[in-house]
Amino acid sequence: MASTLHSFANAAELAANLADKVSGALTAAIAARGEASIAVSGGSTPKAFFQALSTRDIDWTKVTITLVDERFVPADNPRSNHLLVDANLLQNKAKAARFVPLYQPAASVEEAAKLATAKSAEIGIPFDVVILGMGGDGHTASFFPGGNNLSVALDPQTPRGVITMDAEGAGEPRLTFTFSALEDAKLLILHIEGEGKKDVLAKAKGNGEEAEMPIRAILRRATSPVEIYWAP
Ligand SMILES: O=C1O[C@H](COP(=O)(O)O)[C@@H](O)[C@H](O)[C@H]1O
């Protein structure tokens, strides 16, 4: 599917424009179905966008928020994506939203993935909005190059749900939605910032294996168009 690049002068401008775009999509979903869903990424990039979105005038009581991926750490761990969402998105008007975490306090990450799959199955499909990030190694969600479960994660036949991922570049064991759960979002965004990530994106758009740069799976095979939001 095609991708479109939206470039902004700076991160603040990007955050405001992306918050407007997402707010419009969530509001339209609520008008059409009475509810809306959004899966967001963690990492360092989305903070300003989360803060902008949290102030938007949406009927947040009808919005379910989840994560595209998470570390297998509890929500009070500084590396938790849940913590980032709590501190920056589940604030202001967005405090009224429902949050479905991927981390579950289970004995193993495999057990947590099963529990997260069951809990997230209650969210309507496809997601109304998915916001992906991208690492400098070309990973997105927790689709890491060299990941032990990468081929399963990227296989379009793998059912929607949450699976585990171990990879050298990942730090902790990870929980991630599968490609099949993310690729058909009604609004599919790739949010990246910095010249370095623009270079990584250009490389990902070139020839090469998906396993080498898993973002390629999204750029090449997502059934929804990919809206790329970039600022220096
Ligand atoms: O590990 C992760 O990293 C990516 C990118 O993070 P960033 O710090 O470079 O913005 C993120 O999209 C993913 O959700 C997160 O778990």
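Counting starts at 1 for both ligands and their atoms, following the listed order.
- Interface atoms of ligand 1 facing S41, defined by a heavy-atom separation under 4.0 Å, are 12 (O), 14 (O).
- More than 12 heavy atoms of other residues, nucleotides or ligands lie within 6.0 Å of NZ in K186, so this atom counts as buried by the packing criterion.
- Salt-bridge annotation for E172 and R71: present, with a side-chain N of the basic residue lying under 4.0 Å from a carboxylate O of the acidic one.
- In terms of protein heavy atoms, atom 16 (O) of ligand 1 is closest to D69 OD2, 2.6 Å.
- No part of L132 comes within 4.0 Å of ligand 1, judged by heavy-atom distances.
- The option with the heavy atom closest to atom 1 (O) of ligand 1, from among K47, E70, R174, is R174.
- Judged as a salt bridge (charged side-chain N to carboxylate O under 4.0 Å, His left out), the pairs with a partner in residues 45-62 (not counting sequence neighbours) are, in order, D20-R56, D59-K62.
- L190 and L219 make their closest contact through CD2-CD2, 4.5 Å (heavy atoms, listed as atom of the first residue, atom of the second, distance).
- A heavy-atom distance below 4.5 Å is not found between the side chains of T4 and I228.
- Scored by the side-chain contact (heavy atoms from CB on, under 4.5 Å) test, A36 finds L26, A29, I30, V63, D128 as partners (sequence neighbours excluded).
- A distance-only check finds no donor-acceptor pair linking the side chain of E210 to the backbone of I215 [under 3.5 Å].
- Under 4.0 angstrom from ligand 1, the non-hydrogen atoms of T45 come from both its backbone and its side chain.
- Of all atoms in ligand 1, listed by their number and element, those nearer than 4.0 Å to a heavy atom of R71 are 1 (O).
- Counting protein heavy atoms only, atom 3 (O) of ligand 1 is closest to H139 NE2, 3.1 Å.
- Relative to atom 5 (C) of ligand 1, the option among M134, E193, R79 with the closest non-hydrogen atom is M134.
- Every atom of ligand 1 is numbered from 1 in the order shown, and the set under 4.0 Å from a heavy atom of G42 is 11 (C), 14 (O).
- Electrostatic pairing of R221 and E183 does not count as a salt bridge here, judged by no charged N lying under 4.0 Å from a carboxylate O.
- Near S44, the atoms of ligand 1 lying under 4.0 angstrom from a non-hydrogen atom of the residue are 7 (P), 8 (O), 10 (O).
- Contacts with ligand 1 closer than 4.0 Å are made by side-chain heavy atoms of K197 only, the backbone lying farther away.
- F144 has its ring centre less than 6.0 Å from the ring centre of H139.
- Within ligand 1, counting atoms from 1 as listed, the ones closer than 4.0 Å to a heavy atom of N81 are 16 (O).
- Taking all heavy atoms of G43, G133, A141, P46 into account, the minimum distance to atom 12 (O) of ligand 1 is reached by G133.
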